[in-house]
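Owing to the predicted nature of the structure, the values given are computational and were not obtained by experimental measurement. Residue numbers begin at 1 in each chain, while the letters A, B, ... track the order of the sequences.
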There are 2 protein chains.
Amino acid sequence: MASSIHDLARHLNISIGTVSRALNGRADVNADTRQRVLEAAKQLNYAPNQSGRSLRQGATHSIAFMMQPHPGDLEYGEPFFIPFLTGLQAGFAERGLDLIVAMGAPGDYQQERLRRVVETRRADAVVLAWTRREDERIDYLTERGFPFATLGRSRSGSTSYPSLDLDFEKAGSEAVDRLVARGHRRIAAIRPSLDLNFGHLFLAGYRKALRRHGIEVDPALIADGFINEAGGYQVTPRVMPAEDRPTAIIFNNDAMALGGCKALAEMGIRPGHDIAVIVIVDTPLCRYFSPALTAFRPSLEPMGRRLAEMLLASLPAFAGPEGPRIIREVWPLELIARESD
Amino acid sequence: MASSIHDLARHLNISIGTVSRALNGRADVNADTRQRVLEAAKQLNYAPNQSGRSLRQGATHSIAFMMQPHPGDLEYGEPFFIPFLTGLQAGFAERGLDLIVAMGAPGDYQQERLRRVVETRRADAVVLAWTRREDERIDYLTERGFPFATLGRSRSGSTSYPSLDLDFEKAGSEAVDRLVARGHRRIAAIRPSLDLNFGHLFLAGYRKALRRHGIEVDPALIADGFINEAGGYQVTPRVMPAEDRPTAIIFNNDAMALGGCKALAEMGIRPGHDIAVIVIVDTPLCRYFSPALTAFRPSLEPMGRRLAEMLLASLPAFAGPEGPRIIREVWPLELIARESD
DNA sequence: CGTTTTTCCGTAAACGTTTACGACAACACA
DNA sequence: TGTGTTGTCGTAAACGTTTACGGAAAAACG
């Protein structure tokens, strides 16, 4: 059915070795021969069998992005996703690598899927997202010596891997600054209950800024819940006591913000009127919500592209002449002022 | 580094053939031996090298989903995506198949990427989305004899492949019925300008329903544009003439609807008050938009799961004892009444 | 006990590549 | 002419599996 390198060689009356060398651009092949091989390859539309190549070279020429829908994403759709992936794939494609996104079932935290990818050598490296403070995936990969990069930092695995993260601490801090400048003193914070690292960073920034402004941190104004709309809906009322209510809320996640706003509305509290709302990571939903939510926006597509570069720079096979190096970056979030604060 | 079947065999003092047979559950291996092999495999955490397996078996054990972001998706995020993929991956995982999402750059219509996947035999079959009326990808795959299934129908490639589609014709028709029942007579329709098949189906349903109600189809009330927010924004004014304006609009796409509503708002026409709006494919954005948009909702996760089943049923290697069969289904869309109509 | 069947396992080929190695011819140089 | 160099190509091994085949031992059977 599909043509192999043997067909090509037979068709040209030369050996498969020469065909392979011609195709791979090696120097020791006559210019004429190379030309003939390339033409014949196009004509028979031959492309080397990936399994054969991988087996021989010990490299799959593909990078796996471990993607794990959270429970609730089925209704939500995770709009964060496509722009980042588009950049990531572009960054790898430039170096001839395929991006494969490896999915698991929602909620099972990838460990099993990750092991499969690594142990069956389906990819040459992996990209992790949703990093946790203590992340067993990172521990596993470092222990196994398998190359990877992360979107987000972690305390696991020291700092011996490339990582690209957003400055959630600064964003949390800036959100407080902005609210305080507008006269707010009682500011609530809502974040995911998982060990997700950005939740910790955000809260650190929030706390620091409050102290800087001489405002005492009130534990009653901090809550966490499931990282989805239902989580926000469920947990928001907890930071809205009957008396001495907060006048502002910062949500660490867009889905939680939407659920939270629903809860507020049901309590008769109008976001943007009776209470100020700021969201840390902007998505299209923040823009279309009513009132449009003030939010901090990441530049996802460039981030994807950059993380691909960073991972490749750490791999001996792809690093430049100066050798592999570990790059770690923290990117800013840009405040998009809208109507909700 | 990574352990091979040879290591395992040496460790157990048996031949690699026996190891392989034990691992693959063949009958001709002693129960004791099998037990020992399985334990040793777990202990050395051995998993068969995929490249080796694929090469020998001529099968990659993976299915490629061709995903192609449209221009504009970088801001939009395509929320359709994750729920469908989650179901798709679940359906394949049950049969031991990996789903790999093969991405290309935005806008270049996959043909190149598809060829690469097929010719380098990176997957055993592919799943196509965004089918067009005349779809060169389908032509290519049928001509090449490469197995595939589609989300959406097409006129290409006869009907010799499994396909799962939504009943856009019925939805278009029901949308008109609903609007007419509420007293509307001048109803505009906006759809994507690409040859996307669902755009044709929608319009057919729209036309049929109008005629059924004795309403003449006015070409001035039908327009098409880019399938994104900018497209909707740009094209909606064209169906809003100064006199004899439509009192309702049906959008064939959520992103276009959001852009269209923005254009309407700028013209001083309030969706849900001054004009009725219905969207054919619901996404979370329709729910959160203000006014919340009445829309037709697909059940994406079950669709993904079902399409996986259907593709597998068409493959000799996975079909049941009754042999492979081509299943084609059309699923209904459920009307979610909200505030905009 | 002899013969047949069954159970279990080892051997070796094959999948499609890439690449180290060596061979051969042509050429340059002294 | 002899020696070394360069350019080009063929040969064959190797990557890690799976599997057809055959054989030896054990079991079943008469």
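- Put simply, the side chain of A:Arg53 and the base of C:dT17 share no donor and acceptor less than 3.5 Å apart.
- When the side-chain nitrogen and oxygen atoms of B:Asn24 are compared with OP1 and OP2 of D:dT18, one or more of them lie within a distance under 4.0 Å.
- Here the P atom of nucleotide C:dT7 and the CD1 atom of B:Ile14 are 19 Å apart, to the nearest Å.
- Side chain A:Arg21 to base D:dG10: a donor-acceptor pair is found below 3.5 Å.
- Taking every side-chain heavy atom of A:Ser15 into account, D:dG10 is the closest of C:dG16, D:dG10, C:dC9.
- Rounding to whole angstrom units, NE2 of residue A:His6 and P of C:dC15 are separated by 8 Å.
- Going from atom CD of B:Glu119 over to atom C1' of C:dG16 covers 16 Å, rounded to whole Å.
- For the pair B:Glu39 and B:Arg36, the salt-bridge criterion is not met [side-chain N within less than 4.0 Å of a carboxylate O].
- Residues A:Glu112 and A:Arg116 are not paired through a salt bridge, judged by the lack of any N-O separation under 4.0 Å between the basic side chain and the carboxylate.
- Annotation: of the two residues near DNA chain C, B:Arg34 and A:Ser20, the 5′-most nearest-nucleotide partner is B:Arg34.
- Using a 4.0 Å cut-off, some side-chain N or O of A:Thr18 falls inside it from OP1 or OP2 of D:dG10.
- In this structure, the CG atom of B:Asp28 is 10 Å from the P atom of C:dT7, given to the nearest Å.
- A salt bridge links B:Arg137 with B:Asp135; the closest basic N to acidic carboxylate O contact falls under 4.0 Å.
- Residue B:Arg10 contributes atom CZ, which lies 13 Å from atom C1' of D:dG16 at whole-angstrom precision.
- For the pair A:Ile16 CD1 and D:dC9 P, the computed distance is 15 Å after rounding to whole Å.
- Residue contacts for B:Ser54: at a heavy-atom cut-off of 4.0 Å it reaches no nucleic acid atom on any strand shown.
- Residue contacts for A:Gly17: at a heavy-atom cut-off of 4.0 Å it reaches a base atom on one of the strands shown.
- When the P atom of C:dT7 is taken as reference, atom CZ of B:Arg26 falls 17 Å away, rounded to whole Å.
- Listed candidates were C:dC9, D:dT18, C:dT17. Nearest to the side chain of A:Tyr46 is C:dT17.
- A close approach under 4.0 Å does not occur between any side-chain nitrogen or oxygen of A:Thr33 and OP1 or OP2 of D:dT8.
- Between A:Asn49 and C:dT17, a side-chain N or O to OP1/OP2 separation shorter than 4.0 Å is absent.
- Between B:Ser51 and A:Ser54 the shortest heavy-atom distance is OG-CB, 3.1 Å.
- If you measure from atom CG of B:Asn30 to atom P of D:dA26, you get 13 Å, rounded to the nearest angstrom.
- Ring planes of B:His70 and B:Trp130: perpendicular class, angle over 60° (limits at 30 and 60°).
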